[in-house]
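First comes the structure, then the notes that go with it.
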Amino acid sequence: MEHLIRLTLKFVGERCGLAPSPSYTLEPFKLKGSLERLQQRLTGEWGAAAPLSQSPSRKLTLAELLRSTEDCTREPVLLRDSLKQSNPPLIEEISCPEVPEELSTPVYEMLTVKDANKKPRTTELKIELPKVSSVSDCDLSISKDDIIIEVSGKYKLELHLPQLVDEETTTAVFSKGKRTLLITMPVAQPEH
């Protein structure tokens, strides 16, 4: 009987997240009334007890404990003792959030080609991209005064151009053998 009571208290504690006191007393009593009435009291049909949260200092009867377990989840419960018995692995694998790779700046060379009057005619940008196999991997964005080249997960290059350029007539050629990108940007003509 002692073992059964301890198991019941442990079950109620784990199943419902309660912390029942391990101390208890068995009260001697004489059976009063009929056996059916005693069964009604134990199953909770004979009168509603106050909720457990309203009287935490009051000792609980078996019927109240049984009713409180009805409100608990019906999912299987893992016993804490069974978790303690399993040996943890020697090496624990932990995951960490993905840290984005630092994009490298590719090697580049920028030249300004001048005409016979030494006025800038075109700006040429030669970029070495050894990890790139196709021009489709490159994302190129050109405005009048800057250029941005990105290769997903590999390279990023942002440059301010020395002269305003005509982005409409700019050309880009990728050499697969040398793995270089040559961008030719005509210098914008001043408006009169």
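Here the structure is a predicted model, which means the values were calculated and not measured.
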Which donor-acceptor pairs under 3.5 Å do the side chains of residues 122-134 make with protein atoms, sequence neighbours left out?
| unit_1 | atom_1 | unit_2 | atom_2 | d |
| --- | --- | --- | --- | --- |
| Thr123 | OG1 | Gln163 | OE1 | 3.3 |
| Ser134 | OG | Ser136 | N | 3.2 |
| Ser134 | OG | Ser136 | OG | 3.0 |

Ignoring hydrogens and angles, write down the donor-acceptor pairs under 3.5 Å from the side chains of residues 142-153, residues two or more places apart or on other chains.
| unit_1 | atom_1 | unit_2 | atom_2 | d |
| --- | --- | --- | --- | --- |
| Ser143 | OG | Asp145 | OD1 | 3.2 |
| Ser143 | OG | Asp146 | N | 3.3 |
| Ser143 | OG | Asp146 | O | 3.4 |
| Ser143 | OG | Asp146 | OD1 | 2.3 |

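Under the 4.5 Å side-chain heavy-atom criterion for Ile, Leu, Val, Met, Phe, Trp and Tyr, Tyr155 and Met110 are members of the same hydrophobic cluster. In this structure, Leu140 is a member of the same hydrophobic cluster as Leu161, with clusters built from ILVMFWY side-chain heavy atoms closer than 4.5 Å.
Residues satisfying the side chain to side chain donor-acceptor pair (under 3.5 Å) criterion with Glu2, sequence neighbours excluded, are Arg6, Tyr24.
Proximity of Leu182 to Ser175: side-chain heavy atoms (C-beta onward) are nowhere separated by under 4.5 Å. Thr170 has its side chain within reach of Ile183: a pair of non-hydrogen atoms, C-beta onward, lies under 4.5 Å apart. Within the 4.5 Å cutoff, the side chain of Phe174 has heavy atoms near those of the Leu181 side chain.
A pairwise comparison of heavy atoms in Thr112 and Pro120 identifies CG2-CB, 3.7 Å as the closest pair. The nearest pair of heavy atoms linking Lys114 to Lys118 is CD-O, 3.8 Å.
The backbone N or O of Asn117 sits less than 3.5 Å from a side-chain atom of Asp115, completing a donor-acceptor pair.
Rounded to the nearest 0.5 angstrom, Thr8 OG1 and Arg15 CZ are separated by 13.5 Å.
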